[in-house]
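Just the heavy atoms: all of them, side chains too, but no hydrogens, waters or symmetry mates, feed the values below. Residue numbers start at 1 and run along the sequence shown.
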Amino acid sequence: MDFPASGATANLQKTEQWRALFSAFSHIILVANSDQINIKELQAEYPPTALFVFFNRAYKVLGERFSGRSLLISRAQPNGANIVYRKEVADVVELFAADSFLGIMNIRLAENERLNSSSEYLGVPTGHLDLTGFCAEFYPSDKLPTSGFAMALWLVDQQLPGKVVLAGFSAKRSEKWRVVAVHDWTFEQVFLRLFARVGKLSMHGGVAKNSYASLTSRFPELPAAEISSTIAEVLGSRLSQTDAQVDKLISLTNVLRSIDEFLRRLKPKFLKKTKL
């Protein structure tokens, strides 16, 4: 079977072109930037016909050059993609073996996000996919979808012959990487798990059993709505208690944050990366 050649993303713009590219693979594995990822073990579990899709600052999960078939999704931002304005393109791209790297897929999800040209990606083969408004009908209006969430949904919509697999999509904080508040991680987790449970995609390692679902058999005399509202009541109470503790922590760390902000203002200009 013939697979897209290295650099195959160059100048792709239309949905049909991207669909044809992804259709060549038996598995499309979306690899989240998560501490949970062991890339060698992940690669070993899938055939050579799989495509591994990485996101933005892929050095978060790649400690050495990746040899499998790969593609990098780079999210547009108001100032351009973060790896462009941070001048990290070369550092990220060198993590992929040149003969099996399809190139960059620069995606846009909001009107104020600016796509970047191949020249801004230092000549790396680049294609574009404008998904402005793609999630607008259902995503919480005060938040923005993550690149991984949007691409998972878009790939499912394409009804590809291969399987869509999510790896590391846990939305868990770590000691190294933060969970950005501009995204609605809870909504995305609910949506993706429901997609997995109806078989539209799969999660690497499987989906944990929903212990709450067994409550309906344990309390047959109660309607499902009553059980759901009780669960929501308990979760709401716990969140309120958490908020109270967070408020205390914020008060306790006011001095430390003031010192941190003061030191950041003293940071020499030559150590600051300039945005485009």
Cluster link Met203 to Leu194, ILVMFWY, side chain under 4.5 Å: no

Contact check, side chains of Lys163 and Ile28, non-hydrogen atoms, under 4.5 Å: no

Geometric cation-pi criterion, Arg69 with Phe3: 6.0 Å, 45°: yes

Close side-chain approach of Leu95 and Val93, heavy atoms under 4.5 Å: no

Plane angle bin for Phe96 and Phe66 - parallel if under 30°, tilted between 30 and 60°, otherwise perpendicular: perpendicular

Min side-chain heavy-atom separation His204-Glu45 under 4.5 Å: yes

Student check: side-chain heavy atoms of Glu88 and Tyr59 closer than 4.5 Å: yes

Aromatic plane relationship, Phe55 with Phe169 - under 30° parallel, 30 to 60° tilted, over 60° perpendicular: perpendicular

Verify same cluster id: Trp18, Leu115 (apolar side-chain graph, 4.5 Å): no

Side chain to side chain, Phe25 and Val53, heavy atoms closer than 4.5 Å: no

Intermediate values then yes/no, side chain to side chain contact (heavy atoms under 4.5 Å, CB included), Leu30 and Phe54: CA-CA 6 Å; Leu30 304 184; Phe54 296 87; over 6 Å; no

Exceeds 12 heavy-atom contacts within 6.0 angstrom, atom CG of Asn11: no

NZ/NE/NH1/NH2 to OD/OE distance under 4.0 Å, Arg193 and Glu188: no

Trp154 side-chain N/O to Phe149 backbone N/O, donor-acceptor pair under 3.5 Å: no

Gln241 side chain to Ser237 side chain, donor-acceptor N/O pair below 3.5 angstrom: yes

Salt bridge (charged side-chain N to carboxylate O under 4.0 Å, His left out) pairs, two or more places apart, involving residues 98-110: Arg108-Glu111, Arg108-Asp130

